[in-house]
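Single-structure report; data block below.
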Amino acid sequence: MNWLYVEELRNHIGEEVELRGWVWNMRSSGKIHFIQFRDGTGFVQVVVESSSNKPEVFERSSKLRIESSVIIKGKVMEDKRSPYGVEVHAYDVIPVQIPDEPYPISKKDHGIDFLMSYRHLWLRSRRQFHILKVRDAILTAIRQFYKDRNFTLIDTPIFTGAIGETAGNLFELDYFDYGKVYLTQTGQLYLEAACLAFGKVYNLGPTFRAEKSKTRRHLIEFWMHEAEVAYYEHEDNLKLQEELVSYIVKYVLQNAKDHLLALNRDISKLEKVEPPFERITYDDAIKLLQKSGSHIQWGDDFGGDEETMIASNFEKPVFVTHYPRKVKAFYMQPEPKRPEVVRCADLLAPEGYGEIIGGSQRIHDYQLLLERLEEFNLPKEKYEWYLDLRRWGSVPHSGFGLGIERTVAWICGLEHIREAIPFARTLYRIYP
RNA sequence: UCCGGCGUAGCUCAACCGGUAGAGCGGGUGGCUGUUAACCACUAGGUUGGGGGUUCGAGUCCCUCCGCCGGAGCCA
């Protein structure tokens with residue numbers, strides 16, 4: 001007997017197959033059962049007819065209920081009445097487990113609190129299935145993009161002594177006798193070290209921000225992809241980013257289009273995403289905002305509304321470059337002719353999804369970096385290794401970080417980032 | 001942390017000016033050979049988030065605590 005997955009059935013019409021999976025819904029008309037079946041690769045309808053089956057087979061299948069696990073033996077039939085194009089006519093139904101209690105997630109609406117409490121079961125629902133399949137495609141695309149360009153994957157540590165961004169948003173832990181360490185906010189400083197050894201490097205992993213953020217675009221634990229390249233300056237950095245983002249979107253359209261369509265995503269907006277992306281300076285962004293009626297002043301950072309307003313002027317993602325150095329991190333390279341701004345860029349996604357990338361050229365001069373550490377009140381001794389990178393073989397270098405969940409939310413068209421990760425860690429939720 | 005809203009059956013919600021708790025889904029029983037959130041009939045299911053107060057009477061009004069949702073700040 002040939003054990004097949006649902007995703008393979010279209011190529012096996014007329015064959016007798018075995019399916020192993022779960023019942024996500026049951027309908028019955030007395031002498032005919034319709035089992036809505038899923039196996040982790042897709043969904044298909046299984047038909048069990050009383051007239052063409054042994055009585056015990058039909059009897060066994062009547063006992064199935066939602067989220068029973070079951071092995072089906074049957075024949076694959078083409079059928080235009082089925083939304084999937086094929087269905088399986090069963091001649092044997094073997095229950096693996098039949099639940100004693102009703103399945104908590106019903107076919108009708110649920111509130112988000114209830115669903116998040118049952119996230120471990122909610123993952124089985126079709127919408128969540130499609131979202132996480134797109135997430136998987138995005139992560140595969142990132143790895144493939146760097147493999148094609150011969151970058152080296154460098155896994156950066158989760159425990160860190162040095163601070164990447166700003167203090168105050170760090171999760172603090174006791175590390176034996178050493179004292180306090182922090183959960184990483186970014187692997188960037190370590191990638192900078194690695195890029196001076198390997199030239200072109202990237203990472204992909206979880207990061208943590210102890211921010212009491214309560215918005216649709218924040219998680220406490222989120223995944224970030226970062227890249228860092230030696231000898232890259234500002235414009236090289238932007239080019240890499242627009243190529244990466246375009247590659248991801250194209251890859252998803254080629255490999256996970258059905259999932260996007262199942263999510264009712266407007267594909268036409270994603271099809272426009274290809275290099276080059278527009279670049280707009282912070283100065284011009286401020287003018288644009290003021291023209292639209294905002295009271296923002298030069299020197300202010302943007303909030304979610306400002307980002308949405310700026311991005312709404314563009315169909316593709318847009319770079320906002322050269323922010324005032326006071327609103328950005330200590331390591332960013334100043335623009336030589338205008339030292340009050342830095343060589344950085346945020347990439348804003350269209351359709352109100354906000355910042356998906358933050359990047360910059362890094363300071364490579366020892367003296368300047370030392371001044372900035374003092375200016376930001378960072379303890380020099382913890383950064384000695386980072387200063388070493390400017391003592392030996394220092395070169396201009398640039399990099400960026402891309403938020404995975406925000407990218408998933410944008411590409412899938414989600415209303416809230418909590419659906420973009422299998423088990424979201426939000427402000428007051430750690431269960432399940 | 002601040003601002004706003006909500007908390008009634010397992011779930012999603014209703015209940016007028018304060019007058020004594022109701023529907024759909026889910027569950028159970030029965031029916032139905034093409035269902036698509038199947039349908040039809042019957043049926044079980046409630047200390048209205050906790051505590052206190054006002055009142056002849058509180059799901060409804062007041063105080064307080066807890067929980068959740070939305071937004072702001074911060075940020076990817």
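Just so we're on the same page: letters track the sequence lines, and every chain starts at 1. Because the structure is a prediction, the values reported are computed rather than measured.
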Point to revise | Residues in ring-ring contact (aromatic ring centres under 6.0 Å, His included) contact with H364(A), at least two apart in sequence or another chain | key: none

Exercise for review: Name the closest nucleotide to the D113(A) side chain, picking from C68(B), A76(B), U35(B).
Suggested key: C68(B)

Study note, to complete from the structure: In 5'-to-3' order, the base (B), backbone-only (S) or no-contact (-) status of each nucleotide in nucleotides 39-44 of chain B, using a 4.0 angstrom heavy-atom cut-off, is ------

**Study point:** K287(A) and D284(A) ion-paired at < 4.0 Å
**Key:** yes

Practice item. Determine the sole option in F151(A), Y251(A), Y247(A) for which the ring pair (Phe, Tyr, Trp, His ring centres under 6.0 Å) test with F145(A) is passed. Key: Y247(A)

Review point. Which nucleotide in the list C74(B), A76(B), A72(B) gets nearest to the side chain of I417(A)?
Key: A76(B)

Exercise for review: Can you tell me, in whole Å, how much space there is between the P of U35(B) and that of G71(B)?
Suggested key: 41 Å

Point to revise | I32(A), nearest nucleotide to its side chain (from U33(B), U12(B), G71(B)) | key: U33(B)

Exercise for review: Sequence neighbours left out, what passes side-chain hydrogen bond (donor to acceptor under 3.5 Å, both in side chains) with E226(A)? Give chain and number order.
Suggested key: T186(A), N203(A)

Study note, to complete from the structure: Which of G70(B), C74(B), U33(B) is nearest the side chain of K31(A)? It is U33(B)

Practice item. Check if the side chain of R406(A) and the base of C75(B) share a donor-acceptor pair of N or O atoms closer than 3.5 Å. Key: yes

Study note, to complete from the structure: Residue pairs meeting salt bridge (Lys or Arg N to Asp or Glu O under 4.0 Å), one or both in residues 118-131 of chain A, sequence neighbours left out, come to E67(A)-R124(A), R127(A)-E419(A)

Practice item. Using side-chain contact (heavy atoms from CB on, under 4.5 Å) as the criterion, list what pairs up with M309(A), not counting sequence neighbours. Key: L289(A), S292(A)

Check your understanding: What interatomic distance, in whole Å, is found between C1' of G50(B) and the corresponding atom of G67(B)?
Key -> 11 Å

**Study point:** Spacing between M332(A) atom CE and A76(B) atom P, to the nearest angstrom
**Key:** 8 Å

**Study point:** Pair of N/O donor and acceptor under 3.5 Å linking U33(B) base with S50(A) side chain
**Key:** no

Check your understanding: Separation of E49(A) atom CD from U35(B) atom C1', in whole Å?
Key -> 12 Å

Check your understanding: On a plain distance test, is the side chain of E415(A) in donor-acceptor contact with the base of G70(B) below 3.5 Å?
Key -> no

Practice item. Can you tell me, in whole Å, how much space there is between the C1' of A21(B) and that of U48(B)? Key: 8 Å

Point to revise | Protein proximity profile, nucleotides 23-28 of chain B - base contact B, sugar-phosphate-only contact S, no contact -, cut-off 4.0 Å on heavy atoms | key: -SSSSS

Exercise for review: Could you state the atom-to-atom distance from CD1 of I105(A) to P of G10(B) in whole Å?
Suggested key: 17 Å

Show me the side-chain donor-acceptor pairs of residues 48-58 of chain A shorter than 3.5 Å, one per line, residues at least two apart or across chains.
residue: N53(A); atom: ND2; partner: E49(A); partner atom: O; Å: 3.0
residue: N53(A); atom: ND2; partner: A90(A); partner atom: O; Å: 3.1

Review point. So, is R217(A) close to the G70(B) phosphate, meaning a side-chain N or O under 4.0 Å from OP1 or OP2?
Key: no

Review point. Which of the following nucleotides, C69(B), U35(B), C11(B), is nearest to the side chain of I112(A)?
Key: C69(B)

Review point. Using the benzene-type ring in the case of Trp, are the ring centres of F208(A) and Y182(A) under 6.0 Å apart?
Key: no

Exercise for review: Name the residue closer to the 5' end of RNA chain B, choosing between K212(A) and N25(A) according to the nucleotide with the nearest heavy atom.
Suggested key: N25(A)

Point to revise | H259(A): ring-ring contact (aromatic ring centres under 6.0 Å, His included) partners, not counting sequence neighbours | key: F129(A), H130(A)

Point to revise | Intra- and inter-strand pairs of RNA chain B in dot-bracket (Watson-Crick or G-U wobble, both distances under 3.5 Å; | for another strand) | key: (((((((..((((.....[..)))).(((((.......))))).....(((((..]....))))))))))))....

Exercise for review: Provide, to the nearest angstrom, the distance between the CG atom belonging to D305(A) and the P atom belonging to C74(B).
Suggested key: 12 Å

**Study point:** F222(A) CZ - C75(B) P separation (whole Å)
**Key:** 12 Å

Review point. Given the C1' atoms of C75(B) and G4(B), what is the spacing between them in whole Å?
Key: 23 Å

Review point. To the nearest angstrom, how far is E101(A) atom CD from G45(B) atom C1'?
Key: 16 Å

Review point. Is the glycosidic torsion of C17(B) within 90° of 0, making it syn, or is it anti?
Key: syn

**Study point:** For D236(A), all residues meeting side-chain contact (heavy atoms from CB on, under 4.5 Å), sequence neighbours excluded
**Key:** Y232(A), E233(A)

Point to revise | With D109(A) via side-chain contact (heavy atoms from CB on, under 4.5 Å) - residues at least two apart | key: none

Study note, to complete from the structure: Those residues at least two apart in sequence (or on a different chain) that pass side-chain contact (heavy atoms from CB on, under 4.5 Å) with K291(A) are none

Check your understanding: In whole Å, what is the span from the CG atom of N53(A) to the P atom of U33(B)?
Key -> 15 Å

Study note, to complete from the structure: Per atom distances to the M224(A) side chain, the nearest of U33(B), G71(B), A76(B) is A76(B)

Exercise for review: Among A76(B), G34(B), G70(B), find the nucleotide with the atom closest to the side chain of H218(A).
Suggested key: A76(B)

Check your understanding: When the distance from CZ of R126(A) to C1' of A37(B) is rounded to whole Å, what number comes out?
Key -> 9 Å

